[in-house]
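Below is one structure; the comments refer to it alone.
A note on names: the letters A, B, ... follow the listed sequences, proteins ahead of strands, and every chain is numbered from 1.
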Amino acid sequence: MLLEVKNISVNVAGKAILKDISLQIKKAEIAVLFGPNGSGKTTLIKALMGFSGYSISSGSVIFKDKEISGLSIEERVKMGLGIMYQHPAKIRGVKLYQIAQFLCRDKKKIEELSERLSLREHLHRDINLDFSGGEMKRAELFQILLQEPDLLLLDEPESGVDLENISVMGKVLNEYLQKPGKSALIITHTGYILDYIHAKNGCVMMDGKLWCVGKPKEIFESIRKEGYEKCRECHDKQRIE
Amino acid sequence: MINKELNNFGQDDRDIVSSSGMDLTEKMRSASFLQEDSRVQLYRSFIDGVQIMSIEEALRNIPEAKSYFGSSFKLLGREYPTDTQGGYFIRVKKGATVKLPIQACLFLKAAGFKQKVHNVIIIEEGAKVYLITGCSASKSADEGFHLGISEFFLKEGAYLNFTMVHSWKEDVSVKPISIALLDKGATFISNYVSLRPVKEITMYPTAVLQGDGAKASFNSLILSHPGSLQDIGSRVILRAKDTHAEIVSRAVSLGGKVIARGHLKAENKDIKAHLECRGLILSEQGTIHAIPEMESDFRDVDMSHEAAIGRINKEEIEYLCSRGFTREQAQSVIVRGFMDVDILGLPDLLKKEIDVLEERTLKASF
Ligand SMILES: Nc1ncnc2c1ncn2[C@@H]1O[C@H](COP(=O)(O)OP(=O)(O)OP(=O)(O)O)[C@@H](O)[C@H]1O
Ligand SMILES: [Mg+2]
């Protein structure tokens, strides 16, 4: 098992947001996380990365056979975790290129990937500052792919991205995930990204709990047709282990 | 080459002088001036169209020099100290375009010495020039004091890009006093960089846009060390029509106190002016106090200001950590980005030089 989340609870700003969550991701597996707004999806990813204010109050997180809940963000990154933010920070004066160079020594690779993601001009701009919604998502994907983590935590990679760019991003992402041993946890509302990658498992987060598990496309179809109510109903039958 | 001539300069002093932006090889400069304490050590120009000499010599030999000396203070009804010794006189002839910067160095060497200089800079009609002035103090200059008066006269259509780099030490007090007078269509870009410790700096340079269409911008990058007091402002008086002014400052406090002032005064209604002050406080002891002032007798004049002061943003640090930076690295990258050399309107050559200086100073400060 690459990632094993065991019964974790997370409080944010004094409020219990995640309650007794368990989740497993195998090496080379792609898992999809659905769930209505405010249900706690981003909170889960941030807690896995170790952001301050998202500390785990109980339970454990095992990554590559090691308990990581006490580690700093950068230590987790070193172990092979990577995040693509739903709402990334904007940093005045820090250029996208600076981060790219930090993540990857291969100048040619930086050039090629920025070309494919139409980010050539953005390389020399302040990171995310005045980037459009879609540009920000491309810049996030760009960075996480240069970083080459083993487990990618992707928070709504395609939200706000136009169809043409979703196709570019989906293909680039899929090429990466095809490499041996690469895994991902992907949060999506639109489901578009599922057309480009081979995701095996999906689950639904509701009110800070994981309620349902199954084939991502089937779950997505059911949410599309019947909304999240259906998930609520079947949660008794299919408790996630 | 300054490097060879200054036999009494040890390697330490050379490094300090270089850290104030001086090119001791002079390869990338078109003229040089160097004064140590009260002694003018050397001055020379490598190109026609640029006159450079000590102010005393100018007052002796150039008849017009006298009419400029002190005249900007008279215009504003201000007094100025008259007990000065030395300083430079620079005149760039009409229409000259000077590609490589002119450099002037004011160096404090003897302990307890009070250096007081008076500079006069005249940029004639249509001339375009870059001037870098480096002010620095030797390790030996304990309890030093520097007072620098500068009067800038920009004639019609003249362009002056003036960069002042301060490289002092903990126990040195400094008081620059500058006035720039701009005629029609002239442009004055004044950049100020202060990255090393200092005891106290008080300065409030003023530009008077007296000709139509004149433009002035003041940009400063200030790093404040524990124990330092830097009271630094810029003032632009927009007297003629279609004049533009911009004041931008970035201050980072590592524990010292910064007062970032700015004053825009509109005496004409057809003007455009903006003031921006950003401060970052990295230590509990540090304070930054922004005092932006805008003054106008007209109702709908185009003047604006922005001020933002705060601690380093946790979200920004963690963003970089999530790309693998350590907290310390992240902090230094953010501070480096905040002290963005791009805000200075520098030509590429000087931008690179200042960038290297900043990189070195920041590395040593964290
Ligand atoms: N720093 C915070 N302070 C206060 N409340 C927070 C904070 N972070 C998250 N929350 C709250 O926690 C809940 C879960 O938020 P989270 O961002 O995890 O939702 P999400 O499932 O990602 O939603 P969306 O689909 O809208 O992105 C929300 O009610 C949110 O307002
Ligand atoms: Mg979210």
Side-chain angles (χ1 to χ4, degrees), chain A residues 42 45-55 71-105 124-129 136 139-149 151-155, chain B residues 193 195 219-223 248-252 276-282 306-344 346 348 351-352 354-356 358-359 362-363 366:
Chain A
T42 299
I45 283 195
K46 291 206 165 166
L48 294 179
M49 282 305 298
F51 285 96
S52 58
Y54 294 84
S55 58
L71 299 184
S72 68
I73 302 173
E74 67 270 22
E75 284 168 324
R76 300 180 200 213
V77 170
K78 272 210 194 83
M79 286 182 68
L81 273 179
I83 177 173
M84 176 173 167
Y85 290 78
Q86 179 180 8
H87 302 294
K90 305 166 198 273
I91 314 179
R92 197 175 288 279
V94 177
K95 314 291 175 205
L96 177 57
Y97 192 66
Q98 269 174 278
I99 299 179
Q101 267 184 320
F102 177 83
L103 292 171
C104 170
R105 276 154 197 268
H124 301 284
R125 280 173 57 179
D126 292 355
I127 180 97
N128 297 324
L129 205 73
M136 242 183 277
E140 284 295 300
L141 181 64
F142 174 62
Q143 293 175 67
I144 199 173
L145 294 185
L146 290 177
Q147 186 190 326
E148 301 194 43
L151 176 60
L152 288 72
L153 306 171
L154 307 176
D155 198 346
Chain B
V193 180
L195 303 172
N219 313 306
S220 22
L221 292 179
I222 301 155
L223 185 64
V248 178
S249 74
R250 297 267 193 282
V252 172
E276 179 189 311
C277 168
R278 290 180 194 278
L280 201 57
I281 302 167
L282 297 184
E306 270 173 81
I309 292 166
R311 309 209 162 259
I312 206 159
N313 188 330
K314 192 182 75 190
E315 198 199 344
E316 294 177 11
I317 298 254
E318 294 194 335
Y319 183 82
L320 293 176
C321 290
S322 73
R323 303 293 184 230
F325 291 80
T326 63
R327 271 183 188 263
E328 292 70 37
Q329 282 172 332
Q331 172 164 314
S332 130
V333 166
I334 291 167
V335 170
R336 190 77 179 72
F338 182 82
M339 299 280 273
D340 192 351
V341 176
D342 281 344
I343 70 149
L344 306 174
L346 289 174
D348 280 347
K351 194 163 111 179
K352 266 193 210 121
I354 303 284
D355 217 32
V356 171
E358 198 183 300
E359 182 82 44
L362 286 179
K363 258 204 191 117
F366 281 99

Between B:E316, B:E318, B:R336, which has the largest tally of heavy atom pairs under 4.5 Å with chain A? B:E318

For B:D342, is it the side chain, the backbone, both, or neither that has a heavy atom closer than 4.5 Å to a heavy atom of chain A? side chain

All heavy atoms of B:S322 vs all of A:Q147, minimum pair found to be O-OE1, 3.7 Å

Which pair of heavy atoms, one from A:V94 and one from B:V333, lies closest together, and at what distance? CG2-O, 3.6 Å

Could you go through B:Y319 and A:Q143, starting from their C-alpha distance and side-chain angles, then the distance that decides it, and tell me whether this counts as side chain to side chain contact (heavy atoms under 4.5 Å, CB included)? CA-CA 11 Å; B:Y319 183 82; A:Q143 293 175 67; 2.9 Å; yes

Examine whether an atom of B:L320 lies under 4.5 Å from a heavy atom of chain A, and if so say whether it belongs to the side chain, the backbone or both; otherwise answer neither. side chain

Evaluate the side chain to side chain contact (heavy atoms under 4.5 Å, CB included) criterion for residues B:E315 and A:F51: first the C-alpha distance (whole Å), next the side-chain angles of each, then the deciding distance (0.1 Å), finally the verdict. CA-CA 9 Å; B:E315 198 199 344; A:F51 285 96; over 6 Å; no

Under-4.0 Å salt bridge between B:R323 and A:E140: yes

Is it the backbone or the side chain of B:F338 that comes under 4.5 Å from a heavy atom of chain A, or both, or neither? backbone

Select, from A:S52, A:G53, A:G93, the one with the greatest count of heavy-atom pairs under 4.5 Å involving chain B. A:S52

What option among A:G82, A:P88, A:P149 has the most heavy-atom pairs under 4.5 Å with chain B? A:P88

Side chain from CB out, backbone as N, CA, C, O: work out which of these in A:I127 comes under 4.5 Å of a heavy atom of chain B, or both, or neither. side chain

Rounded at 0.5 Å granularity, tell me how far OG1 in B:T326 sits from CD in A:E75. 10.5 Å

A:S72 versus chain B, the contacting section by heavy-atom distance below 4.5 Å: neither

If one checks every heavy atom of A:K95 against chain B at 4.5 Å, the contacting part turns out to be side chain

Let me know if A:I83 has heavy atoms under 4.5 Å from chain B in its side chain, its backbone, both or neither. both

What part of B:R278 lies closer than 4.5 angstrom to a heavy atom of chain A: side chain, backbone, both or neither? side chain

